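Every chain is numbered from 1, with letters handed out A, B, ... down the list of sequences. As the structure is a prediction and not an experimental result, all values here were calculated from the model.
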Amino acid sequence: MPELPEVEVVRRGLADHVVGRRVASAEFLHPRVTRRHVEGPADAVARSSAVTVADAVRRGKYLWMPLADASGTATDALLVHLGMSGQLLVEGADAPDEKHLRARWRFADDGPQLRFVDQRTFGGVAVAPLVPTADGGPGGRGEHPEASWGAWLPASVAHIARDPLDPAFDDAGFARRLRLRTTGLKRALLDQTLVSGVGNIYADEALWRARLHYARPTRTLPVAAALQVLSALRDVMAEALAAGGTSFDSLYVDVNGASGYFDRSLAAYGQEGRPCPRCGTPIRRDAFMNRSSFSCPRCQPRPRNAHL
DNA sequence: CGCATATCCTGACCGC
DNA sequence: TGCGGTCAGGATATGC
């Protein structure tokens, strides 16, 4: 399941193999892939053809490529969300179509194609106009991929918060907004309008590292604890990114989620019954939010005033 | 409006 | 071998 580190691996692959190339034609092979593009698939084809891919940018789990017209101006971006099972692949024209091939872009240089493959069709593609960011820019100093395209993002992504690896992320603002919520801590971490890029896997891992229970009420969470969760998110995502960055082939823009490489490093997620790496207590699995939460019963005791 | 839940989808897996 | 049930979960529509 692609979360922030997996999407960043994909972004880097696009930066290496797609940015700077001119798209000759676009093709969408499944109606669901463009369901978020309100003007319809024909419009998406038109607006992502005969353009040059100017950059590859990410915020949280959203990925986009500003598309430059003949004058070099980019007013639109090709926006991709991988959903649960989406993959972006860079492959030669002779490679057979994948069973779940949903979209394809051919390039004017006749080099490898870009393909979107998605078994479960939770992912999607849209062409969206670029608009200024609400908080006015990336903050300038970092390596974050959004920095090069500065203060712009697709209009349909404007409601998504910055992610923990973004140098312009507002730590104090996050803690303040978190404490205004009346909910449980993990619910809040999964809310992409508060902090983006966090899914079930990294939420569980960060909570384990911070020794906090998923149902800890946000309203009374100390600021220091909120900042510790943020720090844990940054650590685990950076480690996963480092692990993922070593394993992908140069012509394969890999997204295999955590199953490919980082699963060996998971302390809690998917580890039901196995000993907690810190204290040896068997990791427990709880049904929560229509999915599973994994935690250590000893390191992460359920608070007496647990939210739900 | 804030918060919680139902829903979309397909393939792997399990017990019988 | 097949069959029904369960599970995986990101984002959003809907409901309270």
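On the nucleic acid side, DNA chain B has its first and last nucleotide under 4.0 Å of a heavy atom of chain A at B:dC3 to B:dG11, going 5' to 3'.
Within the structure, every pair that satisfies the side chain to side chain donor-acceptor pair (under 3.5 Å) test and touches residues 222-240 of chain A, not counting sequence neighbours, is listed here: A:Asp171-A:Arg234, A:Arg209-A:Glu239. Applying the salt bridge (Lys or Arg N to Asp or Glu O under 4.0 Å) test to every pair with at least one member in residues 192-201 of chain A, sequence neighbours left out, gives no pairs at all. The list of salt bridge (Lys or Arg N to Asp or Glu O under 4.0 Å) pairs with a residue in residues 66-76 of chain A, not counting sequence neighbours, reads A:Arg47-A:Asp76. Within the structure, the side chain to side chain donor-acceptor pair (under 3.5 Å) test picks out the following pairs touching residues 187-196 of chain A (sequence neighbours left out): A:Arg181-A:Asp191, A:Asp191-A:Thr193.
Within 6.0 Å of CZ on A:Arg274 lie no more than 12 heavy atoms contributed by other residues, nucleotides or ligands. Counting non-hydrogen atoms of neighbouring residues, nucleotides and ligands closer than 6.0 angstrom, the CZ atom of A:Arg298 reaches no more than 12 such neighbours.
Atom CG in A:Asn290 sits roughly 12 Å away from atom P in C:dG10 (whole-Å rounding). Between the CZ atom of A:Arg120 and the C1' atom of C:dT6 there is a distance of 12 Å, given to the nearest Å. The interatomic distance linking A:Tyr202 (OH) with C:dG10 (C1') rounds to 15 Å, in whole Å. Atom-to-atom, CG of A:Asp286 to P of C:dA8 comes out at 12 Å; the value is rounded to the nearest Å. The nearest whole Å value for the distance from the CZ atom in A:Phe122 to the C1' atom in C:dA11 is 9 Å. Rounded to a whole Å, the CD1 atom of A:Ile201 is 12 Å from the C1' atom of C:dG10.
Note that CG of A:Asp163 is 8.5 Å distant from CD of A:Glu8, once rounded to the nearest 0.5 Å. Atom CH2 of A:Trp152 is separated from atom OG1 of A:Thr75 by 9.5 Å, given to the nearest 0.5 angstrom. Here the CZ-CD distance, from A:Arg115 to A:Gln87, works out to 12.0 Å after rounding to the nearest 0.5 Å.
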Could you run down the sub-3.5 Å N/O contacts of the protein with nucleotides 12-16 of chain C?
from	atom 1	to	atom 2	distance (Å)
C:dT12	OP2	A:His159	NE2	3.4

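For A:Arg21, the salt bridge (charged side-chain N to carboxylate O under 4.0 Å, His left out) partners at least two apart in sequence or on another chain are A:Asp109. For A:Lys61, there are no salt bridge (charged side-chain N to carboxylate O under 4.0 Å, His left out) partners, not counting sequence neighbours. Residues satisfying the ring pair (Phe, Tyr, Trp, His ring centres under 6.0 Å) criterion with A:Phe116, sequence neighbours excluded, are absent altogether. Taking A:Asp170 as the reference, nothing meets the salt bridge (charged side-chain N to carboxylate O under 4.0 Å, His left out) condition, with sequence neighbours excluded.
Using a 4.0 Å heavy-atom distance criterion, A:Ser292 is classed as a sugar-phosphate-only contact.
Interface residues of residues 175-199 of chain A facing DNA chain C, ordered by number: A:Gln192, A:Gly199; criterion, heavy-atom separation under 4.0 Å.
Between A:Arg35 and C:dA11 there is no side-chain N or O to OP1 or OP2 distance below 4.0 Å.
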With pairs defined as Watson-Crick or G-U wobble and both distances under 3.5 angstrom, please note down DNA chain B as a dot-bracket string, | for pairing with another strand.
.|||||||||||||||
